[in-house]
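Predicted, not measured: the structure shown is a model, and the values here were computed from it.
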Amino acid sequence: MALSRFGRVDVILNNAGVMPLSLLEALKIDEWNRMIDVKIRGVLHGIAAGLPVMQKQGFGHFINVASIGAYAVSPTAAVYCATKYAVRAITEGLRQEVGRDIRVTLVSPGVTESELAESITNDEARLLMKEYRRDAIPASAIARAIMYAMEQPAEVDVNELVVRPTAQLA
């Protein structure tokens, strides 16, 4: 749509997620598959949609949203974190492959206000997440970080941003 309306694609923001946390022993395979489909395949499909256009026009910017879960794993979050690690790896691979003409940024939010925790089906994990989200930052803080990366001059590529609440120590 952007291409037909504006004749170019400046930025693709890959940001989608679900977070049905549970212990691995719960064997919630359908939830695992949903996380893989949304968070890994979703990013890959976004890249597939935009990359040919950006290569043809000779510029563009991919911004992939991961999480601090791309850097550390915690109980109940193994599959969630695995998908975020995958987004981090895909983003770095894309940067190395197309970095001369196309900018690539990974944004990894810490605890942020969102409806994401509503997809947690495990009661214990839901309670832990409620406490964990006590110091959440607004989504607008993440939007400002994304704008920061986008507003840099064409020759500047902000590769990675980790954005956390000041109170979040881990």
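Between the side chain of Thr105 and the backbone N or O of Val158 there is at least one donor-acceptor pair closer than 3.5 Å. The closest donor-acceptor contact from the side chain of Thr91 to the backbone of Ala89 lies at 3.5 Å or more, if one exists at all. Thr83 places a side-chain N or O within 3.5 Å of a backbone atom of Tyr80 that can act as its donor or acceptor partner. Side chain of Lys84 to backbone of Ile68: no donor-acceptor contact under 3.5 angstrom is found.
In this structure, Asp10 pairs ionically with Arg8, as a charged nitrogen and a carboxylate oxygen lie closer than 4.0 Å.
Annotation for Val73: hydrophobic cluster partners, listed by chain and number, are Tyr85 (ILVMFWY side-chain heavy atoms under 4.5 Å, direct or chained).
The list of side-chain hydrogen bond (donor to acceptor under 3.5 Å, both in side chains) pairs with a residue in residues 43-60, not counting sequence neighbours, is empty. Here salt bridge (charged side-chain N to carboxylate O under 4.0 Å, His left out) pairs that include residues 98-109, with residues two or more places apart or in two chains, number zero. The salt bridge (charged side-chain N to carboxylate O under 4.0 Å, His left out) analysis of residues 137-159, with sequence neighbours excluded, yields no pairs.
In this structure, Val43 is not a member of the same hydrophobic cluster as Val11, with clusters built from ILVMFWY side-chain heavy atoms closer than 4.5 Å. Hydrophobic clustering keeps Phe62 apart from Phe59 (ILVMFWY residues linked when any side-chain heavy atoms are closer than 4.5 Å, directly or through intermediates).
In this structure, the salt bridge (charged side-chain N to carboxylate O under 4.0 Å, His left out) partners of Glu92, at least two apart in sequence or on a different chain, are Arg95. Scanning for salt bridge (charged side-chain N to carboxylate O under 4.0 Å, His left out) contacts around Asp37 gives Arg41, with sequence neighbours left out.
Just one residue in the list Val107, Asn64, Ile63 forms a side chain to side chain contact (heavy atoms under 4.5 Å, CB included) with Asn14, and that residue is Asn64.
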Margin query: Let's go through Leu51 and Ile102 carefully: what are the C-alpha distance in whole Å and the side-chain angles of both, what is the deciding distance for side chain to side chain contact (heavy atoms under 4.5 Å, CB included) to 0.1 Å, and is it a yes or a no?
Written below: CA-CA 9 Å; Leu51 188 55; Ile102 298 169; 3.8 Å; yes
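Residue-environment remark: OH (Tyr71) exceeds the threshold of 12 foreign heavy atoms within 6.0 Å.
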